[in-house]
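First up is the structure itself, then whatever we jot down about it.
Proteins come first, then strands; the chains are lettered A, B, ... in the order of their sequence lines, and each starts at number 1. Bear in mind that the values here come from a model prediction, so they are computed numbers and not experimental data.
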Number of protein chains: 4
Amino acid sequence: MDRVRNVTGKTKRLPRYVREQQMLDAAVQMFARRGYHAASMDEVAELAGVSKPMVYLYLGSKEELFLACIRREAGRLLDAFAGQVNQADAPDQQLWHALRAFFVLVAENRDSWRVLHQQAPAHGEPFAGEVAAMRTAIIAFAADLIDQNIRSRGVSEATEHDVSALAHALVGAGESLADWATEHPDEDPATTARRLMNFAWMGLDNLLHGSIWRP
Amino acid sequence: MDRVRNVTGKTKRLPRYVREQQMLDAAVQMFARRGYHAASMDEVAELAGVSKPMVYLYLGSKEELFLACIRREAGRLLDAFAGQVNQADAPDQQLWHALRAFFVLVAENRDSWRVLHQQAPAHGEPFAGEVAAMRTAIIAFAADLIDQNIRSRGVSEATEHDVSALAHALVGAGESLADWATEHPDEDPATTARRLMNFAWMGLDNLLHGSIWRP
Amino acid sequence: MDRVRNVTGKTKRLPRYVREQQMLDAAVQMFARRGYHAASMDEVAELAGVSKPMVYLYLGSKEELFLACIRREAGRLLDAFAGQVNQADAPDQQLWHALRAFFVLVAENRDSWRVLHQQAPAHGEPFAGEVAAMRTAIIAFAADLIDQNIRSRGVSEATEHDVSALAHALVGAGESLADWATEHPDEDPATTARRLMNFAWMGLDNLLHGSIWRP
Amino acid sequence: MDRVRNVTGKTKRLPRYVREQQMLDAAVQMFARRGYHAASMDEVAELAGVSKPMVYLYLGSKEELFLACIRREAGRLLDAFAGQVNQADAPDQQLWHALRAFFVLVAENRDSWRVLHQQAPAHGEPFAGEVAAMRTAIIAFAADLIDQNIRSRGVSEATEHDVSALAHALVGAGESLADWATEHPDEDPATTARRLMNFAWMGLDNLLHGSIWRP
DNA sequence: TATGAATGAGAGTTCATTCAT
DNA sequence: TATGAATGAACTCTCATTCAT
């Protein structure tokens with residue numbers, strides 16, 4: 001009933017791409033708030049202002065719709081995180097820019113973040129895999145920066161395995177802070193990014209200087 | 001058909017408590033591997049070697065069953081993490097013991113970890129809340145240790161808010177490493193714990209010494 | 001499989017209202033013959049020539065379906081009984097017309113009568129209440145006629161309570177005769193109505209003339 | 001937990017007949033208040049202070065239990081109604097005694113009345129038939145009295161069919177008044193019986209004197 | 001293009017009923 | 001005698017999905 005209508009009273013015919021984006025927007029919102037299973041195709045269609053068969057016509061099935069959501073949002077996140085980095089910068093500067101972009105994105109797109117972080121991994125393949133791939137890319141990016149840092153100082157005891165572990169820890173810390181920031185809306189994303197830089201990068205620095213914690 | 005039978009060929013009658021634990025074991029496994037919705041009560045019952053009505057008789061409903069799983073596993077995790085710590089130890093020693101116990105538990109109970117970390121938060125209330133409460137307790141524990149450390153050195157610029165953020169980052173890093181360790185079965189849990197101590201604790205140390213990262 | 005199909009062999013698509021009436025028809029029949037609990041939604045749907053989800057989509061739930069049946073049939077009965085009465089007629093004429101319409105309706109809609117008289121009161125609230133309300137209306141109608149009759153003769157010993165009891169007796173006699181007529185299909189409804197008029201109205205007449213039975 | 005126990009703390013072993021009556025008491029109560037289907041064997045057993053298998057051992061099945069209830073209560077009602085009548089009395093005296101006994105019984109055993117009047121007929125054979133048989137006996141009794149009355153006056157236009165209809169009307173009026181009396185606990189059963197005698201018997205009298213209502 | 005009408009398939013849940021002790 | 005433990009079988013209800021127009 002709320003669908004956009006033109007002056008003749010007929011339903012407005014929008015180009016396919018626009019309609020698709022509307023549906024994806026609606027789907028992301030529903031999946032984030034209700035969860036994948038509890039979100040019904042009926043509700044998605046209604047929120048998108050379209051009839052159910054349209055959703056099927058454009059997106060195929062509930063699984064494909066969910067996948068399309070995941071892909072779109074994962075792409076956006078990757079773009080934000082890694083896309084705008086200047087490879088000529090120092091590693092810490094690169095990480096800093098990436099993290100800040102990430103926290104900004106999450107703050108502005110909570111539903112998107114919940115779909116990627118909370119929903120997709122819980123519903124098995126192929127959804128979990130899609131997010132896992134994105135996460136792997138991010139971790140690789142972090143690992144690369146850590147590696148650059150290490151090499152630039154000539155320290156080299158750390159294996160690839162060690163670096164990978166550090167990158168995982170760094171990303172996990174970032175994800176957790178993203179959730180935390182969600183509950184503190186007055187926290188500036190840049191501040192959150194600085195917190196993480198201090199927590200993580202400084203710890204790495206220490207290791208590089210040989211001060212190691214032992215039980 | 002697969003029910004346990006004794007030599008006389010008759011169905012084994014077990015006391016209620018035993019059967020309940022069997023059902024919870026089966027449920028944790030099914031929920032972890034298939035996901036909450038995809039896991040059917042039929043499958044849970046079959047895996048537990050019991051008929052469906054028994055599951056309902058003892059555990060009430062699918063929701064209550066899931067909650068019971070979450071509560072049991074959350075309790076175990078909390079016990080492992082915070083239960084065996086000696087308050088007389090230095091903060092870093094306390095954290096170290098807790099983390100080691102945590103990584104050991106996760107390594108030995110992957111399904112349990114997946115239920116808590118991957119399934120419960122994805123399915124809304126009351127499940128998410130139950131895990132959130134446990135996580136809050138763990139974060140408080142970590143925050144407390146960080147606080148002790150700060151005070152013992154007389155440094156005091158950090159607000160409670162800052163400490164909370166650090167604790168969230170630390171716990172997030174631990175969760176991420178737990179997942180990572182799951183894919184590296186030959187990694188010793190103690191080693192994983194040491195990685196995290198080095199990544200996190202040393203970073204904190206740095207902060208305490210006043211070396212701060214700035215953009 | 002038995003659904004109505006047109007010559008092209010395709011499923012007939014009927015407007016919502018028509019389908020709803022078909023479902024109610026089927027439901028009344030099933031509830032009357034099998035009883036509320038023994039009637040399954042599967043059977044109702046099949047008899048209506050529709051799939052089960054349609055019944056749920058249009059009527060909501062088994063309880064709501066039963067209620068809808070009761071309401072429709074109670075409405076029809078009330079209309080038949082009280083709807084066509086001319087208030088200008090003498091009380092006995094009014095009652096006579098009402099009773100005749102009632103016995104005609106019951107003779108032509110046995111299932112409907114059984115749902116109202118036999119099923120609904122046996123299954124507690126809200127079903128019993130719905131029929132009780134209709135019955136109360138009918139009894140009030142009868143009581144009113146009795147009252148008019150009394151007043152028209154200036155006799156006035158009878159309290160409201162007494163009149164109510166008489167009305168209940170009259171209606172109970174009518175219900176019982178309705179059941180009895182059901183087993184005597186060759187009995188003309190008008191005859192049945194006349195029987196009741198003689199049994200009831202004449203008895204009242206007597207009372208009004210002061211001839212009272214005493215133990 | 002509330003079962004009767006002797007001093008040794010063991011469950012009291014009561015003779016079979018006593019236990020059976022306890023179970024029937026409990027069953028009548030449950031069937032009357034919840035309805036046949038909604039009453040569960042669990043609840044019946046608990047209310048009777050017995051374990052479920054005992055109910056099955058003594059009464060056979062839910063159907064047989066319900067039948068046993070119906071038979072016991074129908075027997076009591078028949079006894080009350082027709083059992084205490086002195087055949088030497090005049091017909092109106094006989095009817096009066098029977099009705100008074102009936103209204104007394106209903107007033108004191110509401111659950112019993114609801115099982116017979118409300119539940120049994122709603123649940124098909126063999127339950128409905130059992131009550132129908134009892135009702136037939138009562139109607140036959142009434143018809144006989146009416147018949148005696150007619151013959152004693154030498155009036156004989158009335159066929160057996162007519163008399164049967166009158167008896168049905170009389171009994172229906174009685175049933176309806178029984179329900180009505182249930183809602184007016186301060187009404188004396190004898191008064192209710194007198195109401196019915198006046199309503200019914202006097203109406204019959206009229207007919208016998210040739211004053212007939214015509215449309 | 002767009003949709004109201006319709007359904008296949010399967011889930012959770014609840015009993016009456018019966019073993020095994 | 002008496003019962004805690006256990007289940008077969010059904011039933012209500014819900015969706016993702018697809019016709020027919």
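Rounded to an integer number of Å, the gap from C/Leu59 CG to F/dT14 P is 13 Å. What separates CZ of C/Arg34 from P of F/dC11 is a distance of 10 Å, to the nearest Å. Between the CD atom of C/Glu20 and the C1' atom of E/dA6 there is a distance of 15 Å, rounded to whole Å. With rounding to whole Å, B/Arg16 atom CZ is found 20 Å from E/dT21 atom P. F/dA20 atom P lies 14 Å from atom CG of C/Leu14, rounded to whole Å. One atom, CE of A/Met30, and another, C1' of F/dC15, lie 14 Å apart when rounded to the nearest Å.
Counting non-hydrogen atoms under 4.0 angstrom, A/Leu57 reaches the backbone sugars and phosphates but no base.
Side-chain contact between C/Phe66 and C/Glu130 is absent, with no heavy-atom pair separated by less than 4.5 Å. When side chains are defined from C-beta on, C/Glu64 does not count as touching C/Leu59, because their heavy atoms never get closer than 4.5 Å. Here the side chains of A/Tyr36 and A/Met30 are not in contact, with every heavy-atom distance at 4.5 Å or above.
Closest to the B/Lys62 side chain, of the nucleotides E/dT7, E/dC19, E/dA11, is E/dA11. Of the candidates E/dT7, E/dT17, F/dT7, the closest approach to any side-chain atom of D/Ser61 belongs to E/dT17. Comparing F/dG8, E/dA2, F/dA6 against the side chain of B/Met54 picks out F/dA6 as the nearest.
Here the closest non-hydrogen pair linking D/Pro121 and D/Val115 is CD-O, 4.4 Å. For C/Ala122 against D/Ala122, the heavy-atom pair with the smallest separation is CB-CB, 3.4 Å. Heavy-atom minimum distance, A/Ala45 versus A/Ser51: CB-C, 4.0 Å. Between C/Ala48 and C/Met23 the shortest heavy-atom distance is CB-CA, 3.9 Å.
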* Begin from the C-alpha positions of D/His117 and D/Val131 and carry the test side-chain contact (heavy atoms from CB on, under 4.5 Å) through to its verdict. => CA-CA 8 Å; D/His117 183 56; D/Val131 173; over 6 Å; no
* Asked: D/Phe31 and D/Lys62: side-chain contact (heavy atoms from CB on, under 4.5 Å), yes or no, with the steps?
  -> CA-CA 11 Å; D/Phe31 288 144; D/Lys62 194 183 187 183; 4.1 Å; yes
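At a cut-off of 3.5 angstrom, counting only N and O atoms as typed in the model, there is a donor on one side and an acceptor on the other between the side-chain of D/Lys52 and the base of E/dT17.
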* Under a cut-off of 3.5 Å for both distances of each Watson-Crick or G-U pair, what dot-bracket string does DNA chain F give, using [ ] for crossing pairs and | for inter-strand pairs? -> .||||||||||||||||||||
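Of the residues in residues 119-129 of chain A, none has a non-hydrogen atom less than 4.0 angstrom from any atom of DNA chain E. Residues from residues 37-46 of chain A placing a heavy atom under 4.0 Å of any atom in DNA chain F, listed by number, are A/Ala39, A/Ser40, A/Met41.
Counting only residues at least two apart or in different chains, salt bridge (Lys or Arg N to Asp or Glu O under 4.0 Å) contacts with residues 20-29 of chain D comprise D/Arg16-D/Glu20, D/Asp25-D/Arg72. Within the structure, every pair that satisfies the salt bridge (Lys or Arg N to Asp or Glu O under 4.0 Å) test and touches residues 34-45 of chain A, not counting sequence neighbours, is listed here: A/Arg34-A/Glu43, A/Asp42-A/Lys52. Applying the side-chain hydrogen bond (donor to acceptor under 3.5 Å, both in side chains) test to every pair with at least one member in residues 118-128 of chain B, sequence neighbours left out, gives no pairs at all.
When the side-chain nitrogen and oxygen atoms of A/Tyr58 are compared with OP1 and OP2 of E/dA2, one or more of them lie within a distance under 4.0 Å. Taking only side-chain nitrogens and oxygens, C/Tyr56 comes nearer than 4.0 Å to OP1 or OP2 of F/dC13. For C/Arg19 and E/dG4, the shortest distance from a side-chain N or O to OP1 or OP2 is not below 4.0 Å.
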